[in-house]
Amino acid sequence: MKYNVSEIESKWQKKWDDAGVFCAKDGDPRKKFYALVEFPYPSGAGMHVGHIKAYSGLEVISRKRRMQGYNVLFPIGFDAYGLPTENYAIKTGIHPRQVTDKNIEKFSSQLRRVGFSFDWNRVIDTTQEDYYKWTQYIFLKLFENGLAFRDTALVNYCPTCKVVLSNEDSQGGKCDICHSDVIQKSKDVWYLRITEYADKLLQGLDTVDYLPNVTQQQVNWIGKSTGAFVNFTVAGTEETLRIYTTRCDTLFGVTFMVIAPEHPLIDQMADRINNMDAVLAYRAECAKKTEFERTQLVKDKTGVCLDGLRAVNPVNGKEIPIFIADYVMMGYGTGAIMAVPAHDERDWAFAKKFGVDIVEVIKGGNIEEGAYAGDGEMVNSDFLNGYTNKKDSIARMLEYLKEKGIGEMGVQYKMKDWAFNRQRYWGEPIPIVHCPKCGMVPVPYEQLPLRLPNVTEFAPGEGGESPLAKIEEFVNCECPKCGGKARRETDTMPQWAGSSWYFLRYIDPNNDSCIADPEKLKYWLPVDWYNGGMEHVTRHMIYSRFWHHFLYDIGEVPTAEPYAKRTAQGLILGPDGEKMSKSKGNVVDPNEVVDVYGADVLRTYILFMGDYGSAAPWSENGVKGCKRFLERFADAYDLISGKPMSAKLESAIHKTVKKVSEDLEEMKFNTAIAAMMGLLNDIYAEGNITKDAYNMLVRLLCPIAPHLCEELWETMGGKGFCALAPWPEYDEAKTIDAEIELPVQINGKVRGKITVAADAAKEDILAAAKANAGVAAAIEGKTLIKEILVPGKLISLVVK
RNA sequence: GCCGGUGUGUCGGAAUGGCAGACGAGGUGGACUCAAAAUCCUCUGAUGGCAACAUCGUGUGGGUUCAAGUCCCACCACCGGCACCA
């Protein structure tokens, strides 16, 4: 049967839409299934084949679930605040609102053309007032609970985009948006205290089913380390110098201390430091370096000794020198370390360069040649001497520190608090008022949303202030608390704010009185399966888990974790095997593929091109192969006859239903499609298929090529939509062949093949094997040592 | 440096310890055609052989096993994450 591909595709898209086939029903008694894909940023460039791949995985699973009788929520929306739209506005003068609306319209029509089974009644747009009202609401809750605060600190700043960036947004020392080098700048900024949730985010990972590398990346990013805080004193003063260490058992090997160039001790003790000029010069030198440079210059250690200051080692009372050096960071631990050159590479290199003593406290290495970081017997360590196990010696030292009141166990995280404001226009206004009398005052809840005012100038100010700062009517306001004159916060939230809770809004997108109805949240949460890109694992995924844990703690949501399961798709590379980019000219436009081949072919190819989780290059010929497959599949309709099929083909059909059903669950779409292709070859070889069997196959292929399957379903007289027809069931008994072919190995090499009944007795099989001509020749005149029969697999004979 | 992953034809890629290379692409030869495209059929890991067949073959070197792409040990290469993190 021949079909005009594009004709049937728009026809079925309209019918699905009209009938509301993909609308989720709140509170339905059927089992629920919430499938979530990362909603797109509606860029001007339009859809990318990567979007199609990202959505196709759960698209297939969602369609399968509907056929299995689930009440499926598979929503889509737009994460529309962000810099690209704003930069476009600065360049063209067109308002971001207009640009956003246009892009959303474009994306929507492109997504519909692919036939995704999204519930279009629940579309959200993070830039709409009725959405960002609740983003602001959550911010106020965070503020109320002390998790949103302002602080002056060194921040990552992108001089090109003129914005402060979070740690997550400046990975590798590069701005996430424009890729220029990020510099460190002291600025008064908003933070969200995500570090408060570090442990919950870590522990929560044990309760969810994430891809192992997703979990691993989050664990790395959170970077928990367990150690001890130890208080050293500055000789001749009451001043303590607190350090963090993971090896407090090496305290007797401490021969000097190092503090970060920014450490406050320097200013506190300025009058005691004799070489303050050199110290300040060094500090200025360090300030010039970007954090990236500072963390890259690993080889050569630099630093300055604080002349006039000495520290006292609390375990042995020895006086030791204090240095400042940029290999110690103010942002980790306490900004100060105890240096154990014998057992730490960096300390060793520093000690060698500055001629400081090296004292061995763990036997096993040669401390003249390098630091020894391995295990060994403790020496020169008073009460720790003789310990050989790191765990025991640390435990003993912790006990001692506690007893003497000079230190205690402590935990550190690499993750830092989330720098949460942007000096930009196109974002959610931060609902805070600065009152000269009352300080920072939250905008009352009933005044939300705090609307983003209309402006005509989108560029940030030269001083790095938001364009909102120029809007007098916006800035000048009354203090909600005292009624006096006050000024509004003019910074906006970062692009990650709206996406940190969007999956909650899908559940109840039009609710005007709360984030979402608690009953509905209870019904739909958690998200059963979330698929997205690996690039979001240490940003969006961490942020949204943090918000969700917080919302759980204040009773707004019924689960601690938002996502029960997380998978990730691999990239689609250009035909040249390189990452797609405009500059390389290797970008494939999904619209053109739909124009030429149709949506079903595009979907099938994207799922067939390789392992779903791995990167794979685009191949136009591969697309054609999938086109052939779908055409041949449709043509096979003409092979339907009243004649029964061979037992072999019938068995192959049941095996395929089984394999496809299983493979789809594991996102092994490529092998599922391959199995159907193989079966189709078998059907053509036989030249015959029954109507019932073909009907089963139409349903089996439906999640992948839904338009074609609806058309075939209709042609066959199927009731309703194929998309809601029952998922095909296989008969386990029919997946078992009556006769099987077994290879016979002699000393590990295949020498013959025999065909036996599947239920044949062991003796009969072995007899048949030995009777095989090839086998008989190979064992002629030799002694049989061993016979192995692996049922259903092979026969292995060992001869001498 | 630490942690994780991967390594298989010409290419994308398949293989609960059990016939390596499923499926697709590409190539080969043929059919149809004036011709091309499309479609259909044949062959397609390497080497030797007219052939049946034999030998070799999953990054390298060892090992376990009747049997190893798969398990173990050592190494090499590439990819990803973290990183002067104390």
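Being a predicted model, the structure only gives us computed values, none of them experimental. In what follows, every heavy atom counts, from backbone to side chain, and hydrogens, waters and symmetry copies are set aside.
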Worksheet entry | Pairing of A/Asp682 and A/Lys648 as salt bridge, 4.0 angstrom limit | no
Discussion item. Any salt bridge linking A/Glu631 with A/Lys627? Criterion: basic side-chain nitrogen under 4.0 Å from a carboxylate oxygen.
Written reply: yes
If we take the [atom1] atom in both [N] and [M], what is their distance in whole Å?
N     : M     : atom1 : answer
B/G80 : B/C84 : C1'   : 22 Å
B/A20 : B/A67 : C1'   : 13 Å
B/U28 : B/A36 : P     : 14 Å
B/C32 : B/U44 : C1'   : 23 Å
B/U60 : B/A68 : P     : 15 Å
B/G45 : B/C41 : C1'   : 23 Å
B/U16 : B/C11 : C1'   : 29 Å
B/C75 : B/G17 : P     : 26 Å

For [N], which nucleotide in any strand shown is its Watson-Crick or wobble partner with both distances under 3.5 Å?
N     : value
B/U58 : none
B/G1  : B/C82
B/A38 : none
B/C71 : B/G63
B/U6  : B/A77

In this structure, how many angstroms lie between the [atom2] atom of [N] and the [atom1] atom of [X], rounded?
X        : N     : atom1 : atom2 : answer
A/Glu578 : B/C79 : CD    : C1'   : 13 Å
A/Phe350 : B/A86 : CZ    : C1'   : 14 Å
A/Leu211 : B/G80 : CG    : C1'   : 13 Å
A/Gln217 : B/G5  : CD    : P     : 13 Å
A/Asp663 : B/A22 : CG    : P     : 17 Å
A/Tyr210 : B/G5  : OH    : P     : 20 Å
A/Gln218 : B/G80 : CD    : C1'   : 15 Å
A/Ile795 : B/C19 : CD1   : C1'   : 12 Å

Worksheet item: Closer to the 5' end of RNA chain B via nearest nucleotide, is it A/Lys749 or A/Lys786?
Response: A/Lys749
Response to the item:
On RNA chain B, more 5' by nearest nucleotide between A/Thr671 and A/Leu794 is A/Thr671
Looking for any heavy atom pair under 4.0 Å, which part of the strands does [X] touch: base, sugar-phosphate only, or nothing?
X        : value
A/Asn621 : sugar-phosphate
A/Ala339 : nothing
A/Gln745 : base
A/Val798 : sugar-phosphate
A/Ser796 : base
A/Glu345 : nothing
A/Asp611 : sugar-phosphate

Please confirm whether any donor atom in the side chain of [X] sits under 3.5 Å from an acceptor in the base of [N], or the reverse.
X        : N     : answer
A/Lys414 : B/C82 : no
A/Gln216 : B/C3  : yes
A/Lys793 : B/C19 : no

Worksheet item: Are A/Glu620 and A/Tyr597 linked by a side-chain donor-acceptor pair shorter than 3.5 Å?
Response: yes
Worksheet item: Is there a donor in the side chain of A/Asp663 and an acceptor in the side chain of A/Thr671, or the other way round, less than 3.5 Å apart?
Response: yes
Worksheet item: Taking A/Glu38 for the side chain and A/Gly533 for the main chain, is one N or O donor matched with an acceptor at less than 3.5 Å?
Response: yes
Worksheet item: Do A/His343 side-chain atoms and A/Tyr372 backbone N/O form a donor-acceptor pair below 3.5 Å?
Response: yes
Please state whether the phosphate of [N], meaning OP1 or OP2, lies under 4.0 angstrom from any side-chain nitrogen or oxygen of [X].
X        : N     : result
A/Tyr244 : B/A86 : no
A/Lys579 : B/C79 : no
A/Lys224 : B/C82 : no
A/Asn213 : B/G81 : no
A/Asn681 : B/G24 : yes

Discussion item. Pair A/Val537, A/Trp221 - check side-chain contact (heavy atoms from CB on, under 4.5 Å), show working.
Written reply: CA-CA 9 Å; A/Val537 168; A/Trp221 187 256; over 6 Å; no
Worksheet item: Which of parallel (below 30°), tilted (30 to 60°) and perpendicular (above 60°) describes A/Tyr543 and A/Trp418?
Response: parallel
Worksheet entry | Test log, rule side-chain hydrogen bond (donor to acceptor under 3.5 Å, both in side chains), inputs A/Tyr612 and A/Glu666 | CA-CA 10 Å; A/Tyr612 188 67; A/Glu666 293 166 58; over 6 Å; no
Worksheet, complete the sentence: Per the O4'-C1'-N9-C4 / O4'-C1'-N1-C2 angle with a 90° window around 0, B/G9 comes out syn
Discussion item. Any heavy-atom pair between the side chains of A/Met667 and A/Phe669 that's under 4.5 Å?
Written reply: yes
Considering only [options], which nucleotide approaches the side chain of [X] most closely?
X        : options             : result
A/Lys753 : B/C19, B/A86, B/A22 : B/C19
A/Tyr327 : B/A15, B/C84, B/G12 : B/C84
A/Asn220 : B/U55, B/C82, B/C19 : B/C82
A/Pro743 : B/C19, B/C23, B/C85 : B/C19

All N/O contacts under 3.5 Å from nucleotides 37-46 of chain B to the protein, with atom names and distances to one decimal?
from  : atom 1 : to       : atom 2 : distance (Å)
B/U39 : OP1    : A/Arg628 : NE     : 3.1

Worksheet item: After noting the C-alpha distance and the side-chain angles of A/Arg242 and A/Glu408, does the key distance pass the salt bridge (Lys or Arg N to Asp or Glu O under 4.0 Å) rule?
Response: CA-CA 11 Å; A/Arg242 191 168 163 84; A/Glu408 72 282 333; 2.6 Å; yes
